[in-house]
Each structure stands twice: as structure tokens, then as C-alpha cells.
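This chain uses plain numbering: 1 for the first residue, then up along the sequence.
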Amino acid sequence: MNILFISAYVPSPIRVRPYGFIRALARRGHHITLVCGANADDRPALNALREVCARIVTVHMGKAEMLWNALRALPGDLPLQAALSFGQRILEAVRTEDRINRYDIAHIEHMRASALGYALLRTPAVLDSVDSISLLFERALRGSPSLKSRTLALIDLARTRAYEARYTRHFEQVIVSSPEDAWALRTLRRHLRPHPQPEPERWCDSATNHNVHDAITVVPNGVDLDYFAPQPIARESATIVFSGKMSYHANEAAALHLVRDIMPLVWERRPETRVVIAGSAPPPSVRALATDRRVTVTGYLDDLRPAIAGATLAVAPLRYGVGIQNKVLEAMAMATPVVAARHAARALHAVEGRDLLLAEHPREYADAIFRLMEDPQRAAAIGASGRRYVEQHHTWDAAAGRLETVYSTAIEQFNDVTRLSQTADERVAHPIRR
């Protein structure tokens with residue numbers, strides 16, 4: 001297929017889902033044109049993508065422009081997440097690609113780029129919502145220790161719910177990373193559409209009188225199994241690693257929860273235990289945790305693997321979140337035993353006690369950590385089983401195969417609607433995105 005991939009930012013090993021999709025689709029023989037927002041820091045990731053993309057169109061997207069886009073959207077009903085990158089230059093770049101070149105399908109990455117998809121008139125579109133952002137906001141309101149995160153969630157929650165409810169009115173297909181996120185989007189569509197309808201497998205859109213599939217599909221994240229592979233290095237004793245992009249508010253909350261609530265219980269019994277918080281852009285609240293000499297906050301690392309491979313175990317003590325947690329899958333892929341929040345494993349088919357350990361309250365985390373640190377054989381067995389689980393369920397090639405099926409369905413739907421439109425002499429614009 002000739003694929004137009006639209007993203008508000010440059011896909012990278014940190015923004016791993018679109019990066020993994022692009023690389024896997026290219027390996028399967030598809031031709032990809034990437035249109036994305038970018039800045040000077042994105043040069044290494046762009047160089048890597050040029051090896052697999054047929055063409056890349058970048059539009060500079062500075063912080064001042066994004067702030068202006070958000071402020072401009074405040075009086076309206078466009079969510080701030082969608083407004084940030086809804087600029088005239090990148091919108092025109094998408095419109096030009098749609099007008100001049102013939103694409104089989106457009107793949108739109110995240111809510112951040114969703115409004116850019118409305119410029120498409122000739123090309124069927126799949127939106128990768130990734131998660132339900134309104135569900136994430138609901139949980140941030142209850143679980144985030146950050147006043148800023150709770151305030152932003154409160155400001156954007158109602159408009160985000162209404163916006164997500166309309167996804168299947170504007171895009172032929174929508175994909176998400178987990179069944180819970182699919183449920184959330186279907187629930188919003190059922191209750192917040194102007195004329196709520198039952199939820200059959202196929203339903204009629206009242207605005208166009210056209211049949212529309214129940215167009216929400218789960219496509220889980222994959223893992224680069226060659227990159228995130230077990231390493232031939234010895235694990236350090238009594239060392240816990242938590243990894244992720246630390247500027248993300250859910251990761252910030254998890255890091256604070258780990259050091260403030262869980263580790264005091266661990267240190268009562270194992271005072272020598274070290275914590276490594278590994279990931280880019282830690283906010284001041286996370287950097288301050290390193291005032292305890294037993295805590296290391298690394299900041300950005302060119303390569304996270306030594307931190308994960310060298311730890312006794314990995315933890316993912318998320319207080320709230322949605323979707324699939326890459327940090328969990330990557331640690332499992334490296335055969336590092338994992339202790340994760342129960343809700344962080346909700347989207348997985350992993351077996352508790354065999355592939356990973358789960359916890360909810362600080363004492364449960366501490367007990368699970370003790371079990372792994374004090375029984376190296378069990379820790380190694382759980383690590384090896386976690387690796388096998390990821391090999392069986394989370395390859396990027398399998399994810400790309402599911403994506404191809406979604407693309408084919410979207411193309412069929414688009415062609416059906418186009419034929420109906422032509423019959424009704426409605427050639428000006430595609431009815432779904434009018």
C-alpha cells in the first residue's frame with residue numbers, strides 16, 4: 001500500500017508505537033510518506049526514519065506556536081490535545097499530499113494529529129487514538145499528585161469526551177492499544193452522540209444515512225525483540241529500576257509513589273536497596289528524589305537497556321493510566337522480572353505469578369519486591385517466562401498484520417461511501433469528514 005502517515009511529532013524510540021508501526025509496515029513492503037511536526041532536537045530520529053520511509057515532510061512546530069494554538073482553542077470545543085498541533089502550515093501540508101498524490105490509506109497518529117485528518121477528502125483514514133484520553137483525564141483527576149495535571153484534565157475533560165464520541169463519524173476506522181480503551185470510546189459514542197443509537201456490529205449514521213461499521217479495533221503495542229533482548233551482563237543485587245518518559249504526568253506520579261510510599265517499607269527490611277529512575281525529562285519533583293543517596297535519577301539516556309538489564313527487577317507502580325505500558329513489555333522482553341500495578345497489566349494476557357507479579361497497595365509492592373530479591377531462582381524463572389510471553393503476543397510484525405486488515409476495511413468503507421455520495425451527486429467532499 002501507499003500510506004500517508006500523519007503525526008504531530010516525530011515518531012522515535014521514545015514515541016515507540018508510531019515508530020514501531022512505520023518500521024514494521026516498511027519491512028512488509030509498504031511505501032510510507034510521513035508528514036509530521038518537528039524541531040531541531042528531532043534530527044536523529046528523522047535520520048533513522050529516512051532509512052524506512054519513502055519520503056518525509058516536516059513542518060517546524062515550536063512551543064510558542066503550540067501555546068497559541070491551545071489558547072485560540074479555549075473558547076471553542078476542540079480539545080487542547082487536538083488543538084496544540086492544529087496549525088495552518090501542517091494542515092496545508094496534509095491537504096497538499098491528499099490533493100496532489102494518490103494514497104491508499106492515511107494513518108493518523110493520536111488525538112494530537114486527529115484534527116489534521118479533517119483535511120483529507122480523497123484518502124480513507126484510520127485514526128490511531130492509542131488510548132482514550134478522556135479516560136486518562138478521569139483517572140488523573142482522581143490519582144495525580146500534581147495540581148497542574150489535575151487542572152489541565154479538568155479543563156479538557158468534557159470537550160475531550162464529546163470529541164472522542166465523534167471519532168467514528170469522521171474516520172473510517174479507529175484503533176486503540178487495549179480493550180479497555182475500546183470500551184471507553186464505544187461508551188462515549190453510545191451516550192454522547194447527538195442521537196444515541198444501540199451498539200450493533202453495524203449501525204447507521206443519522207447525519208449521512210450511511211452504514212458505518214463498529215469501527216473500533218484493538219491493535220496492541222509491539223516490542224523490538226532484537227533490541228530489547230536479554231543482555232549478557234550480571235544483574236546488580238538489590239537494585240530496582242523504573243523506566244519511562246518522566247515528563248509524562250502518570251510516570252511522575254508513579255516515581256513519587258515508588259520512592260515516597262513503597263520504598264520506605266522496602267528499606268525497613270533491606271536498607272541497602274537502590275532505586276534507579278531512568279528516563280527523559282524528569283520534572284523537579286522527580287529530580288528531588290535523588291537527594292536520598294539510595295535513589296538515582298538518570299535523566300535522558302541514549303540507551304535504557306543497561307539500566308533495565310542490570311537491575312534485580314523492574315517496577316511499574318502506576319497510580320493511574322490507560323492502554324498498554326511499554327515499560328512493562330520492554331522489561332519483560334529483556335527477561336527482567338517485573339512487579340507492576342494490577343491495572344497496568346489489565347490489557348495484557350500475561351499470567352500473574354508466572355510472567356510477572358502484580359500489586360496494588362504499597363505493602364503488596366514491598367512484599368513482591370522481597371519475594372524476587374530473596375529468591376533469585378524464582379526471579380530468573382519469571383524473567384524468562386516474561387520474555388516468552390512478549391515473543392508470543394507482542395511482535396511488531398503481528399501488530400502490522402492486524403493494521404493491514406484495518407486498512408483494508410477502511411478502504412472498503414471509504415469506497416462504499418464514495419459510491420453512495422456520487423449517486424447522490426455529493427462530490428464536493430467526502431461525507432464522513434465534511
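- Residues D131 and S177 bring a donor and an acceptor atom of their side chains to less than 3.5 Å of each other.
- To the nearest 0.5 angstrom, L313 atom CG is 12.0 Å from L356 atom CG.
- Residues passing the ring pair (Phe, Tyr, Trp, His ring centres under 6.0 Å) test with Y163 are Y167, sequence neighbours excluded.
- When atom types are taken as modelled, the side chain of R186 and the backbone of I216 share a donor-acceptor pair closer than 3.5 angstrom.
- A donor-acceptor pair is defined here as one N or O able to donate and one able to accept, closer than 3.5 Å; no such pair exists between the side chain of S144 and the backbone of S149.
- Considering only heavy atoms from C-beta on, I90 comes within 4.5 Å of L116 through its side chain.
- Atom CZ of R43 is surrounded by 12 or fewer heavy atoms from other residues, nucleotides or ligands within 6.0 Å.
- In this structure, the ring of H249 has its center less than 6.0 angstrom from the ring center of Y320.
- Side chains of K63 and N39: a donor-acceptor N/O pair is absent below 3.5 angstrom, by distance only.
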Can you list the steps and then say if Y365 with H257 is a side chain to side chain donor-acceptor pair (under 3.5 Å)? CA-CA 11 Å; Y365 280 106; H257 184 44; 5.4 Å; no
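- Residues D181 and S178 are in side-chain contact: their nearest non-hydrogen atoms beyond the backbone lie under 4.5 Å apart.
- With hydrogens and angles ignored, the 3.5 Å screen pairs no side-chain donor or acceptor of S7 with any backbone N or O of V10.
- Checked for salt-bridge contact, E97 and R55 meet the test: a charged N lies under 4.0 Å from a carboxylate O.
- When all heavy atoms are compared, the tightest approach of I262 to A366 is CG2-N, 4.3 Å.
- The existence of a salt bridge linking R189 and E164 is excluded, since no basic side-chain nitrogen approaches an acidic carboxylate oxygen closer than 4.0 Å.
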Walk me through whether N69 and L84 qualify under side chain to side chain contact (heavy atoms under 4.5 Å, CB included). CA-CA 5 Å; N69 291 340; L84 282 171; 5.6 Å; no
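- Side-chain atoms of Y103 and I3, non-hydrogen and from C-beta on, never get closer than 4.5 Å to each other.
- Taking the side chain as every heavy atom from C-beta outward, W183 and V218 never approach each other to under 4.5 Å.
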Kindly determine whether Q173 and I175 satisfy side chain to side chain contact (heavy atoms under 4.5 Å, CB included), including the steps that lead there. CA-CA 7 Å; Q173 290 282 308; I175 64 171; 5.6 Å; no
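- Between D397 and R27, none of the side-chain N atoms (NZ, or NE/NH1/NH2) sits under 4.0 Å from a carboxylate O, so this pair counts as no salt bridge.
- Taking every heavy atom of both residues into account, I6 and A113 meet most closely at O-CB, 4.0 Å.
- Closest heavy-atom contact between V286 and A255: CG2-CB, 4.2 Å.
- Ion pairing between a basic and an acidic side chain is recognised when a charged N comes within 4.0 Å of a carboxylate O; E391 and R388 show no such pairing.
- Checked against a 6.0 Å centroid threshold, the rings of Y389 and H349 do not count as neighbours.
- Seen from the ring of Y9, R15 counts as a face-on cation partner, given the 6.0 Å and 45° thresholds.
- The existence of a salt bridge linking E109 and R17 is excluded, since no basic side-chain nitrogen approaches an acidic carboxylate oxygen closer than 4.0 Å.
- S85 and A8 get closest at one heavy-atom pair: OG-CB, 3.3 Å.
- Summarising the geometry of Q81 relative to D156, their closest heavy-atom pair is N-OD2, 3.5 Å, with the distance given to 0.1 Å.
- For F86, the ring pair (Phe, Tyr, Trp, His ring centres under 6.0 Å) test picks out no residue, with sequence neighbours left out.
- Atom-to-atom distance recorded for L185:CG and S134:OG is 7.0 Å, nearest 0.5 angstrom.
- Q392 contributes atom CD, which lies 8.5 Å from atom CG of D355 (distance to the nearest 0.5 angstrom).
- At least one side-chain heavy atom of R99 sits under 4.5 Å from a side-chain heavy atom of T96.
- At least one side-chain heavy atom of H107 sits less than 4.5 Å from a side-chain heavy atom of L403.
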Quick one: do I32 and V52 satisfy side chain to side chain contact (heavy atoms under 4.5 Å, CB included)? Show the steps, please. CA-CA 8 Å; I32 300 165; V52 294; over 6 Å; no
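- In this structure, R89 pairs ionically with E65, as a charged nitrogen and a carboxylate oxygen lie closer than 4.0 Å.
- Judged by distance alone, the side chain of H31 and the main-chain N or O of A54 form no donor-acceptor pair under 3.5 Å.
- Annotation: side chain of I108 is not in contact with side chain of V126 (no heavy-atom distance under 4.5 Å).
- A distance-only check finds no donor-acceptor pair linking the side chain of D104 to the backbone of I411 [under 3.5 Å].
- With D128 contributing its side chain and V176 its backbone, the two residues share no donor-acceptor pair below 3.5 Å.
- Annotation: the span from M332 atom CE to H394 atom NE2 amounts to 7.5 Å, rounded to 0.5 Å.
- Looking at every heavy atom in both residues, I233 comes nearest to G310 through CD1-N, 4.0 Å.
- Using modelled atom types, one side-chain atom of R235 and one backbone atom of A311 make a donor-acceptor pair closer than 3.5 Å.
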Intermediate values then yes/no, side chain to side chain contact (heavy atoms under 4.5 Å, CB included), L49 and Y19: CA-CA 8 Å; L49 288 168; Y19 187 74; 3.8 Å; yes
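- Here E172 contributes atom CD and L120 contributes atom CG; the two are 9.0 Å apart, rounded to the nearest 0.5 Å.
- A donor-acceptor pair is defined here as one N or O able to donate and one able to accept, closer than 3.5 Å; no such pair exists between the side chain of S385 and the backbone of I382.
- Using cut-offs of 30° and 60° for the angle between ring planes, the W396 and F21 rings count as perpendicular.
- The closest side-chain donor-acceptor pair between H343 and E360, if any, does not fall under 3.5 angstrom.
- Between the CZ atom in F137 and the OG atom in S132 there is a gap of 10.0 Å [rounded to 0.5 Å].
- Contact check for I133 versus P79: no side-chain heavy atoms found under the 4.5 Å cut-off.
- Put simply, the side chain of Q325 gets close to the backbone of V322: a donor and an acceptor are under 3.5 Å apart.
- Without hydrogens or angle criteria, E352 side chain to A350 main chain gives no donor-acceptor distance under 3.5 Å.
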